[in-house]
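Order of appearance sets the numbers: ligands from 1, and atoms from 1 within every ligand. Computed over heavy atoms, backbone and side chain alike; hydrogens, waters and symmetry mates excluded. These figures come from a predicted structure and were not determined experimentally.
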Amino acid sequence: MSGETPGYIGFGEYSQHVPHSIPSAVKQATDRFVGTRAARVAEIDQWEELRQIGSDIRQHTLENLDRYLETLEARVTEAGGQVHWASSAEDARQAVLQIARDRQVRSVVKAKSMATEEIGLNHALEAAGIRTLETDLGEYIIQLAGMGPSHIIVPAVHLKKEEIAALFREKLGVDAPADPVELTRIARERLRHEFLTADMGISGANFLVAETGTLVMVTNEGNGRMCTTLPDLHVAVVGIDKVVPDWESLTVLLKLLSRSATGQKITTYTQFITGPRRAEGESGPKEFHLVLLDNGRSRILADPVGRQVFKCIRCGACANVCPVYKNVGGYAYGWFISGPIGAILSPQMLDTQVARELPYASTLCGACAEVCPVKIPIPTILRHLRHRMAQGDEFGSPALPAPVGAAARMTSLALSRSWIYRLGTRLLPFATALLRRDGWLKTLPYPLSRWTSVRPLPAFGARFRQWWKARVRSENG
Ligand code: SF4
């Protein structure tokens, strides 16, 4: 599976890909999103009830996915579209390439799509000699920079306007000031000609409505509409988890999505596409193809804990509040999807043997689960994956090096039996006395050296239970 899915660079290698401005640019942007989200959420008295309904809809859909996918296929076909089932990333790439070859496609305009990032479609199209241009402003910028997205909804969130201006000057040969309005104007002018001349438009989807076979796209730029209506051929690549039963469900999820993602009541464009155009004179493409991507999703759906990851509606709110994401940025997660949702999705899709660091890329503070509009228990899934890493389960074999796994099992034992814990806290200060320097343990033997090679560990000293008892005593006088 992992061999077929391109692009994972690994948590440990990310530093080569990280521009220096990540912490400040990401913090600024995510703080802004957190503020606007909070303001929109406060306007709805029954926000928690709405979250619960959204969560129930997603859970119900996952439990009945086979039925809804069959309905979706039938409705898309009735509307004149063609459905292609892709069990792997390679199947999906080949399906798109075949459609393009059969119609002598030479140029493609793309709307923002995480599914196409997942399968590495741009590289496959370029390798086949097909010019492929991203048209979402953020995607356009990172394509120019030769990077992938660093945030689910704001792909170029890590770049400052000064860096984007320098990029435009270098790659486009224009006099670009560090002014967002002017930079947008430059990009728009470049893209206009491409929209009008492209042979094929490619998009993803935020949702697929089973009852009518409708593809739903939620955007704040007009580019999605251009990509899916101007070329005569529209191909959408969408994960099978994006299906929703009906329009009533969609209404709930749209309310949750726009407020959680960008802090808007509704995004600027909400586009509904049901098949190709029916008659000459109507807008829309002559042909509509829907590539339904599995790529490991069916396998993960068998795991009742892990599958909750597919309730996700890709709002990015979990990343905006995550202390880890805010400090390391999206590239640290090594694949197309970052933040807490990346930390639970990538290890399941790629296998914990491949994305082995990600279940540990969290403080388990729980902020992600508190903001998630569909109540995905992200910390629970992280612990579930850590357990798989350490001990293995029916969905994966242990992935930790043997000494680290043994240390994890010993820690688990100590924390679940209080007498072992108490004994350990008495013995450890003596056992580490010779290694202590100024209250810190700066070098420890393997496997603990994996930690101390990066940062020192506070020396074992005051025992928590003693400290707590003393505190209670002093508070009670
Ligand atoms: S896990 Fe929840 S908060 Fe994070 S992107 Fe998905 S829906 Fe949004």
What one should report as the nearest heavy-atom pair of Met389 and Arg356 is CE-O, 2.8 Å

ask   = Step by step, would you call Cys365 with Val321 a side chain to side chain contact (heavy atoms under 4.5 Å, CB included)?
value = CA-CA 10 Å; Cys365 68; Val321 296; over 6 Å; no

Within a distance under 2.8 Å of atom 6 (Fe) of ligand 1, the protein atoms of type N, O or S are Cys312 SG

Query raised in the report: Are a donor atom and an acceptor atom from the side chains of His84 and Asp91 found within less than 3.5 Å of each other?
Result: no

In short, ring pair (Phe, Tyr, Trp, His ring centres under 6.0 Å) pairs touching residues 297-316 with sequence neighbours left out are none

- Task: Answer with yes or no whether the side chains of Ser113 and Ser203 bring together a donor and an acceptor at under 3.5 Å.
- Result: no

Exercise for the section: State, without any angle test, whether Thr135 and Glu194 hold a side-chain donor-acceptor pair at a distance under 3.5 Å. Expected result: no

